[in-house]
2 protein chains.
Amino acid sequence: MQDAHIGLTLFLGRLKLNSTLSEAEQAAILNLSFREVQVATKDDLIMPGETVTYSTLVAHGHLGRFDLMRNGSKQITAFYIPGDMCDLFSVVAPTVGWGISAFGPATVLQVPHAALMAVATEYPNLAFAFWRDTTLDASILAKWASNIGRKKATPRIAHLLCEIGIRLERAGLGSRQGFELELTQEQIGDAVGLTSVHVNRSMQALRADGLIVTKRQMMSIPDWNRLAEAAEFAPAYLLHDEATSGREEAGRSA
Amino acid sequence: MQDAHIGLTLFLGRLKLNSTLSEAEQAAILNLSFREVQVATKDDLIMPGETVTYSTLVAHGHLGRFDLMRNGSKQITAFYIPGDMCDLFSVVAPTVGWGISAFGPATVLQVPHAALMAVATEYPNLAFAFWRDTTLDASILAKWASNIGRKKATPRIAHLLCEIGIRLERAGLGSRQGFELELTQEQIGDAVGLTSVHVNRSMQALRADGLIVTKRQMMSIPDWNRLAEAAEFAPAYLLHDEATSGREEAGRSA
DNA sequence: CGGATTATTGAGTAATATCAATCAGCGTGG
DNA sequence: CCACGCTGATTGATATTACTCAATAATCCG
């Protein structure tokens, strides 16, 4: 089993961020079966209400989870980067209430639920690792809810940028000070519950304050702490160790 | 092991809604150890950032999960009813990013993580059931995000009312047409991202349209389908069967 | 009854959405 | 290399929605 697919390696790396895995367990991950699929920009991989038999692992590119409203508007409820298993959830609840689509060209691995279920049954510790992984997803979502529900436009967008930066950094895919953001302003709006016009104006405000610098799809953060402060961002919710009692660095609650 | 605590019985009932459990597995649930705690209105059981060693099972009363902003405002990110294990999550991620508080007088059982971990390890199927249970929580949260992010005040509130009604009904604790709502208008606002003043006015609009009738803490829904229509509510996201391919009744996507 | 929440109301303000252009970048075909 | 057509970014003007502040009425609770 030399030379596992890069996607599986990334996934393993992600799991190891939060869970301690034995050699055998790691090997089991790297040996998961999969089907590689290339996706074009804006392709929908999964539509809301589908019943799926596999989970979608991002090997390359950025994907998102979304919900559609009757009037055509869209809410993005998650942002996925390489190493993320988009709907690991669906192993235990195969009828999903949301869709998954690609923000840019992407490569994904479809990993059969049966395979995931098998390794999770053989290695209980892997079941816990999977569960822990989806828990992180839920933790992020809870933070999105409070971000959307209780903040003004500017800090809302800033919070999203902080989160993405940290996640990319933790995944070894960039730095919080500079990363590629494959989202249009409209998609940012769909993530934080704003209009593209308002996103545009709010981002101009962030630029005017020197909090962000944009060039093409490159997002640069000259002074990360200042952006985190403006966003009221505290990274603790992203760090789901098995037994964390650690505290975060920036921001303070209440 | 005759006469398990009512809280455990409710929890088992809740798990069985979505998972098939063997006799032994059911017995293991009913035999979980716990510490019973009485809570007064507005008590905080858990504060954001705490590391907990137990999960909190609601035996009686209504609880909520919340996040606090620097300016003192609060976002409620979940609503828990009897039978719900508030932070089953925390079994695998004991440092929680949120708080739990009671909306009214309540009784909860604190179930040690060790006990939950033990039964989940002994019965892999229980691990999946737990995982599935937290997945439902996440599914609800995703729906809250789109509710908050992409809907006007009136449908937002209506959606919350629909959801609570269905959940109480499914838990055998009331009917979607009439149930007790232990939330103040301010708390409703904290759940849907609105001011109490605006909640008040929006609920007046709902009443004027004949969509809801309130008396004390009793919420009555004369024509449930009409409310669901106004809320753009489709209950599918609440039904997380192991292998659902069923469709919902009301509402339509896209 | 008295004090404390909670609900309701009104008036004024701020934030965000909407609508409609225009501008800029970028790939394509000629 | 350039004109064309597309998507996404930006701008301006206006309409709505929701928030704020401040007061009053209702209820609750002992």
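Here is the naming used below: chain letters follow the sequence lines, and residue numbers restart at 1 for every chain.
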With the sugar-phosphate defined as primed atoms, P, OP1 and OP2, and the base as all remaining atoms, what B/S/- string results for nucleotides 6-17 of chain D, 5' to 3', for protein heavy atoms under 4.0 Å? --SSBBBB---S
From CA spacing to verdict: side-chain hydrogen bond (donor to acceptor under 3.5 Å, both in side chains), B:Asn200, B:Gln204: CA-CA 6 Å; B:Asn200 183 285; B:Gln204 288 181 46; 2.4 Å; yes
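Neither side chain, B:Ser196 nor B:Gln185, offers a donor N or O lying under 3.5 Å from an acceptor on the other. Side-chain atoms of A:Asp87 and A:Tyr80 include no donor-acceptor pair closer than 3.5 Å. A:His159 and A:Glu232 form no side-chain donor-acceptor contact under 3.5 Å, judged by distance and modelled atom types alone.
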Output a table of nitrogen or oxygen pairs between the protein and nucleotides 22-25 of chain C separated by less than 3.5 Å.
{"unit_1": "C:dG25", "atom_1": "O3'", "unit_2": "A:Arg216", "atom_2": "NH1", "d": "2.6"}

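Look at CG on B:Asp190: it is 14 Å from C1' on C:dT6, rounded to the nearest Å. Rounded to an integer number of Å, the gap from A:Arg156 CZ to C:dT16 P is 6 Å. To the nearest angstrom, C1' of D:dT20 lies 14 Å from CG of B:Leu194. Residue A:Arg150 contributes atom CZ, which lies 16 Å from atom P of C:dA15 at whole-angstrom precision. Atom P of nucleotide C:dA15 and atom CD1 of A:Ile157 are separated by 14 Å, given to the nearest angstrom. Rounded to an integer number of Å, the gap from CE of B:Met218 to C1' of D:dT27 is 18 Å.
Within a 6.0 Å radius of NE2 in A:His60, other residues, nucleotides and ligands contribute 12 heavy atoms or fewer.
Two residues, B:Gly149 and B:Thr41, neighbour DNA chain C, and the one matched to the more 5' nucleotide by heavy-atom proximity is B:Thr41.
Checked for salt-bridge contact, B:Asp67 and B:Lys74 miss the test: no charged N lies under 4.0 Å from a carboxylate O.
Residue pairs meeting the salt bridge (charged side-chain N to carboxylate O under 4.0 Å, His left out) criterion with at least one member in residues 184-212 of chain A, sequence neighbours excluded, are A:Asp190-B:Arg150.
A ring-centre distance under 6.0 Å is found for A:Phe79 and A:His62.
Contact annotation: the side chain of B:Glu50 never approaches that of B:Trp98 to less than 4.5 Å [non-hydrogen atoms, C-beta and beyond].
Looking at heavy-atom distances under 4.0 Å, B:Gly193 makes contact with sugar-phosphate atoms alone, never a base.
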